[in-house]
Amino acid sequence: MKNDCYLSLGTKTEPLLLACLILIGCTVIPSVAETIPYFTDQTQQAGIHFKHTNGASEQKYLPETMGSGGLFFDYDNDGHLDIYLVNSGDLSGTPQPHRHPDHINVLYRNKGDGTFVDVTADAGLQQNRGYGMGCLAADYDNDGDADLYLTNYGKNQLYRNNGDGTFTDVTSHAGVGDGNWSLSASFGDFNLDGYLDLYVANYLDYQLETVHACFLEGVHIYCGPHEYPGVRDTLYRNNGDGTFTDVTARAGVNNTGKGLGVLFTDYNDDGYPDIFVANDAVPDFLYHNNTDGTFTDTAATAGVAYNSEGRATASMGIASGDYDNDGVSDLFITNFSLEINSLFHNDGDGFYTMATFEAGLADSSFSQLGFGTQFLDADNDGTLDLFVANGHVWDNVSDITPSLSYKQRCQIFKNSGSRQFKDISETAGPFFKRAVVARGVAIGDYNNDGAMDILVTRCGEAPVLLRNDSQIHNWVKIRLVGTESNRDGIGAKVWMHTKETTQFREAICGGSYASGSEPTLHFGIGTQDTIRSIKVKWQSGHTQTLDFSDTDSPTNRGVRIIENHPR
């Protein structure tokens, strides 16, 4: 029987009481000094001068309001996170999506002093096709550097990292130029062969030649997903030779959805990554990996196809993390305005329970329209907090519903340590008091101070780089290097043990909305100063444990763990 007893106790609680609580199945969470996460907008100071172009037109073409994404990744392996930002372009007056030379995506190299420099041309990344939507990075060819996948309204692109600061467009050779309207993507090794496969979430069958105008209460709006049929997503199997094969049909993931977010995650802990897809206004998918190269959609029986009222929601973004420290990853899904967001608690038995109301996340999301989202431990107290990017899709929504607005405030929720969250946006910095049209979210420690920073992209506007200036607690960061498993260690499961707590992370690539976060695993450990051990369960099946003493504990620094190599 599962015991739902969660207690937050002081670090000096009597040992006998602790033992009794643990014996009856309670999860005991030691309390730490209260800290309030605080973020400072550093966009201009950091040298980020990018502005997203969506080409908003009188025709109100739907892609104009859906972009775009951003990415934290270390493309040159210098130990500093770089930034990639997706631009879109102009759709008006043309039968096909196109990109003006001034509307290219931008790569910013981190100079290591808190500032960035535009190196797009030097890196060979200025040739962008289609109308840009999202981006993702992973080492698909296991050569030790991060490659770049771009989703578009139009043909997608794969850039291979040459390892010398430049990239080469290998889309045609690799066979991954999905021609559908793609938003998000996720890398994961679904057949455990050591090479990263690719799932691309596709949205609508939306052709410029046949689009029509939509009106609500006499107001011309951007059409919704109900106006156009969905298209199937695409699953590409990595052949291990630099090419991919479309295995969508044979793998059984050819349901027609309206995908906006996607993530590989092993939800049932059987060692094989499954696939969760966030669909817009139709049921979400949860593809259970049958371990034979095929999948079965189990979303309805697992409890994540619909909300707690049995309704399909307009799902946008995905956050994955163990918010209650019970050893399994939970899911948070952002939804449309006048729908609450969905927090799905992983019950550890192959089923989920919607916990939005119990967690205190319902009322604060009802009038918002959420896109990108991520869990992060903003103050390193040992529990995952939650960031949500908000912004409506109708630029004139207030003409229809005066209580709603196009520009909305982003939100950050502090984890209380007892399965509940508190909205602390009012005290988390001036940015959270500004109304914006936010879309993508990426998390990463760009200045290497142990505090997780936030990159927020905005539709038709400049992005926002939020530096975490919280008074943080102790931490450790873990970078995985696979040898038999994929090089990035994606799909590995990691447990970090201190004297008093155990935390769990799953290495993932994707989620949020059209964006990608730092692949390094970050753990806050509160006021504790000693890490006892780190255990890694690799996708190859190997389990590796690193034990530490008080003198060699990797507190407040990074640890690089190579599969099956002694430290």
Side-chain angles (χ1 to χ4, degrees), residues 43 48-71 83-108 118 120 125-136 148-159 169 171 177-185 200-204 206-208 211 222-223 225 228 259-261 280 316-317 369 371-372 389 391-395 406-407 436-442 455-464 512-516:
T43 314
I48 306 296
H49 303 302
F50 174 91
K51 182 179 179 181
H52 176 248
T53 300
N54 65 346
S57 64
E58 293 182 358
Q59 292 85 359
K60 292 190 181 295
Y61 294 120
L62 185 52
E64 295 171 354
T65 194
M66 299 300 291
S68 63
L71 172 68
I83 290 175
Y84 190 84
L85 296 166
V86 175
N87 216 331
S88 296
D90 183 8
L91 296 174
S92 61
T94 61
Q96 295 294 329
H98 71 285
R99 187 81 67 99
H100 188 279
D102 293 338
H103 300 157
I104 64 172
N105 303 345
V106 175
L107 172 65
Y108 284 103
D118 183 344
T120 311
L125 291 171
Q126 67 271 39
Q127 299 299 320
N128 303 135
R129 292 195 291 266
Y131 181 95
M133 287 282 120
C135 53
L136 192 66
L148 185 61
Y149 189 72
L150 308 180
T151 59
N152 298 312
Y153 176 63
K155 192 175 181 181
N156 296 342
Q157 289 177 275
L158 175 64
Y159 280 103
D169 187 339
T171 310
D178 194 315
N180 293 299
W181 180 7
S182 305
L183 266 298
S184 297
V200 180
N202 294 319
Y203 192 30
L204 303 175
Y206 187 90
Q207 307 299 324
L208 295 179
V211 298
Y222 285 102
C223 292
Y228 297 93
L260 291 176
D280 192 0
M316 307 288 184
L369 198 163
F371 272 88
H392 215 280
V393 294
W394 300 337
D395 54 352
Y406 180 50
K407 293 186 175 183
V436 297
V437 185
R439 292 293 184 258
V441 173
L455 176 68
V456 185
T457 65
R458 301 191 293 166
C459 185
E461 299 179 318
V464 179
S512 188
Y513 173 83
S515 301

> Partners of Lys407 by salt bridge (charged side-chain N to carboxylate O under 4.0 Å, His left out), sequence neighbours excluded?
Glu461

> Mind checking what makes side-chain hydrogen bond (donor to acceptor under 3.5 Å, both in side chains) contact with Asn128, not counting sequence neighbours?
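Not a single residue meets the side-chain hydrogen bond (donor to acceptor under 3.5 Å, both in side chains) criterion with Asn128.
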
> Can you sort out the partners of His52 under ring-ring contact (aromatic ring centres under 6.0 Å, His included), two or more places apart, ordered by chain and number?
none

> My understanding is that only residues two or more places apart in sequence, or in another chain, count here; which of them pass side-chain hydrogen bond (donor to acceptor under 3.5 Å, both in side chains) with Tyr159?
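With neighbours one apart ignored, the set is Gln157.
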
> Suppose we screen for side chain to side chain contact (heavy atoms under 4.5 Å, CB included). Which residues come up paired with Leu136, at least two apart in sequence or across chains?
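Counting only residues at least two positions away or on another chain, Leu136 forms a side chain to side chain contact (heavy atoms under 4.5 Å, CB included) with Ala185, Phe187, Cys509.
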
> Taking it one step at a time, do Leu125 and Leu148 satisfy side chain to side chain contact (heavy atoms under 4.5 Å, CB included)?
CA-CA 10 Å; Leu125 291 171; Leu148 185 61; 4.2 Å; yes

> Partners of Asp395 by side-chain hydrogen bond (donor to acceptor under 3.5 Å, both in side chains), sequence neighbours excluded?
Lys60

> Quick one: side chain to side chain contact (heavy atoms under 4.5 Å, CB included) partners of Thr43, sequence neighbours excluded?
Asp41, Ile48, Val464, Leu465

> Sequence neighbours left out, what passes ring-ring contact (aromatic ring centres under 6.0 Å, His included) with Phe50? Give chain and number order.
none

> Can you name the residues that form a side-chain hydrogen bond (donor to acceptor under 3.5 Å, both in side chains) with Ser512, not counting sequence neighbours?
none

> Quick one: ring-ring contact (aromatic ring centres under 6.0 Å, His included) partners of Tyr203, sequence neighbours excluded?
Trp181

> Output all residues satisfying ring-ring contact (aromatic ring centres under 6.0 Å, His included) with Tyr222, sequence neighbours left out; order by chain, then residue number.
none

